[in-house]
Structures are given as structure tokens and as C-alpha cells.
Amino acid sequence: DLITSSKTTITTLAKTLTETTNPQLRDTLKNQLTACVNSHYRLSDISINKGWYNAHEDPQQQLQQDLSAIGSITK
């Protein structure tokens with residue numbers, strides 16, 4: 001959930017930044033976007049290293065792992 005929320009925040013900031021005309025607000029949004037991207041990188045890195053998020057695997061493998069994890073929870 002944190003990774004999804006982080007991605008949403010980055011997307012929202014990027015969209016808002018492209019539509020902002022005020023220079024001060026634009027600088028603030030740029031700084032916030034940079035901070036969010038850095039935070040997302042750290043969060044993703046931790047999740048990948050702990051095995052919680054398999055960003056580098058084939059999508060089919062990810063789906064199989066997710067289905068197996070769901071199956072083990074429901075048993």
C-alpha cells in the first residue's frame with residue numbers, strides 16, 4: 001500500500017507541476033517531487049531487499065507468486 005500511495009503522490013505532483021504557472025509554487029512542487037521520488041526509491045529498495053516486492057521479475061512470475069501467497073493465506 002505504501003508503494004502504491006507513493007506512486008500516486010508522485011504522479012499527482014508531476015501533473016500539478018506541469019500546470020503551475022507561479023514560479024514559487026513551481027519550485028516548491030519540484031522540491032517536493034524530488035523528495036517523494038527519493039523516498040519512493042528507498043521504500044522500493046527496502047521492499048525488494050526484504051522480498052516483499054518483486055519489481056524485477058517477469059510479470060507472469062509475479063502473478064504466480066501473488067496467487068500462491070493468497071492461496072496460503074486462505075488455507
Side-chain angles (χ1 to χ4, degrees):
D1 288 344
L2 286 174
I3 290 176
T4 302
S5 176
S6 176
K7 288 178 185 180
T8 302
T9 301
I10 290 169
T11 301
T12 302
L13 280 169
K15 286 179 182 179
T16 304
L17 181 60
T18 62
E19 297 176 5
T20 301
T21 57
N22 182 299
Q24 291 86 9
L25 181 56
R26 178 171 258 163
D27 285 341
T28 300
L29 291 171
K30 275 194 261 184
N31 292 337
Q32 188 65 36
L33 180 59
T34 299
C36 286
V37 168
N38 290 336
S39 177
H40 180 79
Y41 173 77
R42 288 190 304 275
L43 178 61
S44 296
D45 194 43
I46 290 168
S47 298
I48 290 167
N49 288 332
K50 294 278 187 178
W52 300 333
Y53 182 64
N54 300 315
H56 303 296
E57 290 187 350
D58 176 53
Q60 287 298 104
Q61 288 176 320
Q62 284 181 329
L63 180 59
Q64 278 305 112
Q65 280 188 334
D66 290 344
L67 291 173
S68 293
I70 291 169
S72 68
I73 291 171
T74 59
K75 289 182 182 179

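- Between the side chain of Arg26 and the backbone N or O of Thr21, no donor-acceptor pair lies under 3.5 Å.
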**Request:** Under the side-chain contact (heavy atoms from CB on, under 4.5 Å) rule, what do Lys30 and Asp27 come out as? Steps first, then yes or no, please.
**Result:** CA-CA 5 Å; Lys30 275 194 261 184; Asp27 285 341; 3.8 Å; yes
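- When the side chain to side chain contact (heavy atoms under 4.5 Å, CB included) test is applied to Gln32, the partners found at least two apart in sequence or on another chain are Leu13, Cys36.
- Separating the CD1 atom in Ile48 from the CD1 atom in Ile3 is a distance of 7.0 Å, to the nearest 0.5 Å.
- Distance alone, capped at 3.5 Å, is enough to place a donor-acceptor pair between the Asn38 side chain and the Thr34 backbone.
- Taking Asn31 as the reference, nothing meets the side chain to side chain contact (heavy atoms under 4.5 Å, CB included) condition, with sequence neighbours excluded.
- A donor-acceptor pair under 3.5 Å is absent between the side-chain atoms of Ser44 and the main chain of Tyr41, judged by distance alone.
- Using modelled atom types, one side-chain atom of Thr16 and one backbone atom of Thr12 make a donor-acceptor pair closer than 3.5 Å.
- In the hydrophobic clustering of this structure, Leu17 groups with Val37; members are Ile, Leu, Val, Met, Phe, Trp, Tyr whose side-chain heavy atoms approach within less than 4.5 Å, directly or through other members.
- In this structure, NZ on Lys15 lies 14.5 Å from CG on Leu29, to the nearest 0.5 angstrom.
- Atom NE2 in His40 sits 10.0 Å away from atom OG1 in Thr8 (nearest 0.5 Å).
- With sequence neighbours left out, the side chain to side chain contact (heavy atoms under 4.5 Å, CB included) criterion links Lys50 to Ile46, Trp52.
- Side chain of Ser39 to backbone of Ala35: no donor-acceptor contact under 3.5 angstrom is found.
- In terms of modelled atom types and a separation under 3.5 Å, the side chain of Ser6 and the main chain of Leu2 share no donor-acceptor contact.
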